[in-house]
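Below is one structure, written out as C-alpha cells; comments come after it.
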Amino acid sequence: LCIRIIIHISSIITVSPVSQLDLSVILLIKCFFYRCFCKPILLPYSHMVEEGHAKEQLPTVVVPAVQVVLTREGENGPEVFLGHRIAGGFLNQWSFTGGRIDDGEDIPTAACREVMEETGVAITEADLHHLRDTSSSTIREKHGKRSLYEYQFKVFTVDATDLSPRNVSPSEHSEMKWMPITDALAMHDRVIAEEQSSGAARSPDKIPGALAPRTEETLRFLSQRQDR
C-alpha cells in the first residue's frame, strides 16, 4: 500500500505543474509514508520469535563477544572454571568467563580483560588458544523494550593449572568454581530432565541452574575431543 501511495505521489510530481511550496509538502508526505510504513518492513535485523502460541517480531542486537575456558587436570579428570550468572544474558545459568568486546577493542585484549575482571587472573595473548567460533541468542528487556540479543563468540582455552581464579565479580556471579567436565554435563542433564518432567516449556537459555546453551555445547565438544 505504501509503495502504491509513493508511486502515485511521484506521478503527481512528474505530470502536474506544482509550486516550490507544493513540491516541498509532497516530498515531506513521501518521507512520512516511507518512515512509518515501509522502513519497518525493510529492517535487516528483525526476527519472528515464538513463545508459546504467540509470535512477536523483535529487533536483533548483534553482540561480538569472547569466552575463555579456564582448564586444568583434576583428580576426577579435566576441569573447567564456571560461573553462575546473576546479571546480563543467560541469567541463573552456568557459563564460562567472558563477555562482549568493547568498541575499538581487539579480540585477544577483550579475552584477557574479561578474565581479569571476572577471576582476578592476569593472562596474556600467548596464553590464549582458539578453540572454536559459535553463537547463541537470548531475549532481554531494557527500558521496557524486548530485543533478541545474538552473541557471536570467539572461544579460547587457557591452561590454568598454575593459576588461582576466584570470583571477583560478585555483581555478575553468585558463585564461581572448578567443576569436572563430566560433573558439569551431568548436572546440566539433571536440570533439563527435571524441567521436562515438570511440563515447563522454557527455552534452553531460560532454564535456571542449567549450563548456558553454548557453554554446554563447548563442554560436549571438549569431552568428545578428549575421548578420541
Side-chain angles (χ1 to χ4, degrees), residues 65-99 107 110-112 114-124 126-138 151-170 172-228:
V66 291
Q67 279 193 330
V68 182
V69 187
L70 301 180
T71 67
R72 72 179 185 184
E73 192 65 30
E75 294 181 358
N76 298 313
E79 297 180 345
V80 291
F81 196 68
L82 295 172
H84 185 255
R85 298 190 61 82
I86 55 173
F90 312 105
L91 196 63
N92 294 319
Q93 295 192 320
W94 292 88
S95 68
F96 301 124
T97 297
I107 294 170
C112 295
E114 287 289 345
V115 171
M116 172 58 77
E117 289 178 353
E118 295 187 9
T119 72
V121 167
I123 63 170
T124 67
D127 297 316
L128 298 170
H129 302 280
H130 181 252
L131 179 66
R132 63 203 298 260
D133 295 343
T134 187
S135 63
S136 189
S137 299
T138 187
Y151 294 87
Q152 298 179 347
F153 293 108
K154 291 282 186 181
V155 185
F156 299 91
T157 60
V158 170
D159 182 358
T161 301
D162 298 323
L163 303 178
S164 300
R166 61 195 187 282
N167 185 8
V168 297
S169 52
E172 297 181 29
H173 301 93
S174 62
E175 182 182 8
M176 300 186 82
K177 63 180 180 179
W178 287 104
M179 295 180 66
I181 292 178
T182 53
D183 289 1
L185 290 173
M187 173 197 70
H188 176 81
D189 291 341
R190 283 196 306 272
V191 171
I192 296 301
E194 291 169 1
E195 176 82 2
Q196 293 172 344
S197 64
S198 70
R202 287 175 288 193
S203 60
D205 60 299
K206 302 295 184 185
I207 302 175
L211 297 170
R214 297 292 81 80
T215 297
E216 180 218 354
E217 185 181 275
T218 296
L219 283 180
R220 295 197 189 282
F221 177 81
L222 286 171
S223 179
Q224 290 170 2
R225 195 172 70 167
Q226 290 163 354
D227 290 341
R228 292 173 185 170

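For this chain, numbers begin at 1 and follow the sequence in order.
We find the CD1-CG distance between Ile123 and Asp159 to be 11.5 Å, quoted to the nearest 0.5 Å. One distance of note links CZ of Phe156 with CG of Asp127; it measures 12.0 Å at 0.5 Å rounding. Taking OG1 of Thr71 as the reference point, atom CD of Glu79 lies at 10.0 Å (rounded to 0.5 Å). Annotation: the span from Glu118 atom CD to Glu172 atom CD amounts to 5.0 Å, rounded to 0.5 Å. For the atom pair CZ (Phe96) and CG (Leu219), the distance works out to 4.0 Å, reported to the nearest 0.5 Å. Considering CZ of Arg72 and CG of Asp162, their distance stands at 11.0 Å, rounded to 0.5 Å.
When all heavy atoms of Ser169 and Met176 are compared, the pair lying nearest together is OG-SD, 4.0 Å. Minimum interatomic distance between Pro78 and Glu73 (heavy atoms only, all atoms of both residues): N-OE2, 3.6 Å. Nearest approach of Leu128 to Cys112, heavy atoms of both residues: CD1-SG, 4.2 Å. Shown here for Leu185 and Ser223, the closest heavy-atom pair between the two residues is CD1-CB, 4.3 Å. Here the closest heavy-atom approach between residue Ala212 and residue Ser95 is recorded as CB-CB, 4.1 Å. Looking at every heavy atom in both residues, Ile207 comes nearest to Ser203 through CG1-O, 3.5 Å.
When atom types are taken as modelled, the side chain of Thr218 and the backbone of Thr215 share no donor-acceptor pair closer than 3.5 angstrom. Looking only at distances, a side-chain donor or acceptor of His188 sits under 3.5 Å from a matching main-chain atom of Leu211. Using a distance-only test at 3.5 Å, with no hydrogens or angles considered, a donor-acceptor pair links the side chain of Gln93 to the main chain of Pro204. The backbone N or O of Pro180 sits nowhere less than 3.5 Å from a side-chain atom of Asn76 that would complete a donor-acceptor pair. Under a 3.5 Å cut-off, the side chain of His84 and the backbone N or O of Asn92 do form a donor-acceptor pair.
Figure legend: cation-pi geometry between Arg214 and Phe153 absent, as NZ or CZ is not positioned both under 6.0 Å from the six-membered ring centre and within 45° of its axis.
Annotation: side chain of Thr138 is in contact with side chain of Lys206 (closest heavy-atom distance under 4.5 Å).
Remark: Arg220 engages Asp189 in a salt bridge, criterion side-chain N to carboxylate O under 4.0 Å.
Ring geometry for Phe90 versus Tyr151: interplanar angle of 30 to 60°, hence tilted.
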* Thr134 and Glu217: CA distance, side-chain angles, deciding distance, side-chain hydrogen bond (donor to acceptor under 3.5 Å, both in side chains) verdict -> CA-CA 9 Å; Thr134 187; Glu217 185 181 275; 3.2 Å; yes
